[in-house]
2 protein chains.
Amino acid sequence: MYRSNLESIFMPHDLSLLGAKTRPLPLPTSTNARNLDTHIAFLPEDKAALDSLEIRKRVFTKGCDIIHEGQQLQNAYILCSGWACSYKLMRNGTRQVINFYVPGDLIGIRRLLLPNSDDSLCAITRVEVGEINLQDLLEAFDGNGRLAMSILWSTLRDEAIVVQHLVDVGRRRPIDRVAHFFLELGSRLSLVGLGTKTAYQCPLTQSLIADALGLTAVHFNRVLRQLRELNAMTFHEGSVELLDAKRLERLADFDSSYLR
Amino acid sequence: MYRSNLESIFMPHDLSLLGAKTRPLPLPTSTNARNLDTHIAFLPEDKAALDSLEIRKRVFTKGCDIIHEGQQLQNAYILCSGWACSYKLMRNGTRQVINFYVPGDLIGIRRLLLPNSDDSLCAITRVEVGEINLQDLLEAFDGNGRLAMSILWSTLRDEAIVVQHLVDVGRRRPIDRVAHFFLELGSRLSLVGLGTKTAYQCPLTQSLIADALGLTAVHFNRVLRQLRELNAMTFHEGSVELLDAKRLERLADFDSSYLR
DNA sequence: TCACAAGTTTAACCCAGATTAACAAATGGT
DNA sequence: ACCATTTGTTAATCTGGGTTAAACTTGTGA
């Protein structure tokens, strides 16, 4: 049994991840989806489809649970700024981070339709989201095949990412996982105009990433050092630089096409 | 690096998993979805929605790739009888099984909309499927919100399963993984009327399951023995019996609600 | 400016699980 | 009934990476 990063879970600074204190800090402003076009991962045509929905803006503070287990009426959100992640806490105190979300990502759809999902969603930094009402969505579905298609597409992309993640954790060496992780992140961020594929800002802590990759924070750190010594990449003070992307891609057997 | 079950991959009997020889054996019979109601995992209302689609029946022989990497025109399928799985082959000869599919499951949707997915789909036993044409699907989407919703729901359920699988591989002890695996399978099968939650037929080989759970075949077998000695479950000659489901559920921290 | 908290880095120890090998049992083809 | 191929079982050995713990950095707020 892995009890990695247990401390971090029980430390005050991480209580948020346990859902102990949730203060959604709602600054609701009714607006239209067209105001969200800062970063949208949808296809251009699909973005238009979203415009038909009324969307309220909300802000969540760093470390605050966006969706917590057992909450009654759920909403879906479009992430406008900031980072979030979905994770599952195990009874044994371990946690598995399932996915990180960056601006442009659509989150909470699964929970909307499958209310029994037992994973949680948490703001890693201060986060601005556009709230999508379930009722609106259902109604929009009937008349608007494009919107439905667009949501489905986004969901499938999400699944593809989780599938890659599964392959990562199941069958890659730690060093390959780390390489794959930073390559994927670079691709996703550059797609929405946040940094380039080989240099971007990343506010995640090492323990958080370790919990995503199924490693301990200590070992993740060891691997980072390895990669640094290979002159392949660096990750310092929230800045990621992929110095030798070719090498990383070879390590990770990475092909970004599943993201598009 | 794990090179589990390498032999099995390079052995002749498993060439099929490499996509070396693919003979789809098409016995196409035009029919209607209503003829597929042997086992359907959809909600009853959703099943009706499917009736609007023309569906051709096809048969794939055991071990044959249903969808292979790089194939041009893809289709989605409803699995009518038999078992299939999706998997990804790694460059190092390893493979990760992503999901197993049982009758009633909708397969190939992801590949339909994200043609660049690099995983493959393979018939484990002789398999009968109903073929869904992409064009039909797209057209049906526009007029039929229920159908869209139903497909989306099925996709989200699929994602939920993969998420559970990820948590499994990332953060559970091997014995818990195995328990979780057989519990989930029991739930899924009993939902479509194939066996009960605690006793069912399962045509999977130990290496195949091991490749799903991120274990070696040898270790998987050890764990099976452990569970047998605990009088918790047995798996012999394709028959699974969960003798002590309570204990298994405790081990796996299992809650089947994400499947419904 | 100091103290404490959050996160990073390194080193020492050791166990779960991978690897290998060898055999037994089952399956299938002729 | 035979042999060949696959699949399952068990035991022996070895190592990757988890665990622990302690020093070090940085940032933050009193």
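Residue numbers begin at 1 in each chain, while the letters A, B, ... track the order of the sequences. Quick note: numbers below take in every heavy atom, side chains included, and nothing from hydrogens, waters or symmetry partners. This structure is a prediction, so every number in the text was calculated from the model and none was measured.
Note: B:Phe100 and B:Phe181 meet the aromatic proximity criterion, with ring centroids under 6.0 Å apart.
Of the candidates B:Gln96, B:Lys88, B:Arg110, B:Arg110 is the only one forming a side-chain hydrogen bond (donor to acceptor under 3.5 Å, both in side chains) with B:Asp119.
When rounded to the nearest whole Å, the span between CD of B:Gln206 and C1' of C:dA25 equals 12 Å. Spacing between atom CG of A:Leu204 and atom P of C:dG7 amounts to 12 Å, rounded to whole angstrom units. In this structure, CD1 of B:Ile209 is placed 13 Å from C1' of D:dT7, rounded to the nearest angstrom. Taking atom CG on B:Leu227 and atom C1' on D:dT9, their separation rounds to 16 Å, with Å as the unit. As a whole-Å value, the separation of A:Glu237 CD from D:dT26 P is 7 Å. The CG-P distance, from B:Asp211 to C:dA18, rounds to 11 Å in whole Å. Atom P of nucleotide C:dG7 and atom CD1 of A:Ile124 are separated by 12 Å, given to the nearest angstrom. Taking atom CD1 of A:Ile175 as the reference point, atom P of D:dG17 lies 10 Å away to the nearest angstrom.
Under 4.0 angstrom from either OP1 or OP2 of D:dT7 there lies no side-chain N or O belonging to B:His236. At the phosphate of D:dG18, OP1 or OP2 sits under 4.0 Å from a side-chain N or O atom of A:Thr216. For B:Asn221 and D:dG8, the shortest distance from a side-chain N or O to OP1 or OP2 is not below 4.0 Å.
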From CA spacing to verdict: salt bridge (Lys or Arg N to Asp or Glu O under 4.0 Å), B:Asp105, B:Arg188: CA-CA 10 Å; B:Asp105 287 345; B:Arg188 288 174 63 182; 2.7 Å; yes
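For the pair A:His219 and B:Phe235, both in contact range of DNA chain D, the more 5′-proximal nearest nucleotide belongs to B:Phe235.
At a cut-off of 3.5 Å, with distance as the only test, a side-chain donor of A:Asp118 or B:Gln164 sits close to an acceptor on the other residue.
A:Arg222 comes within contact range of at least one nucleobase, with a heavy-atom separation under 4.0 Å.
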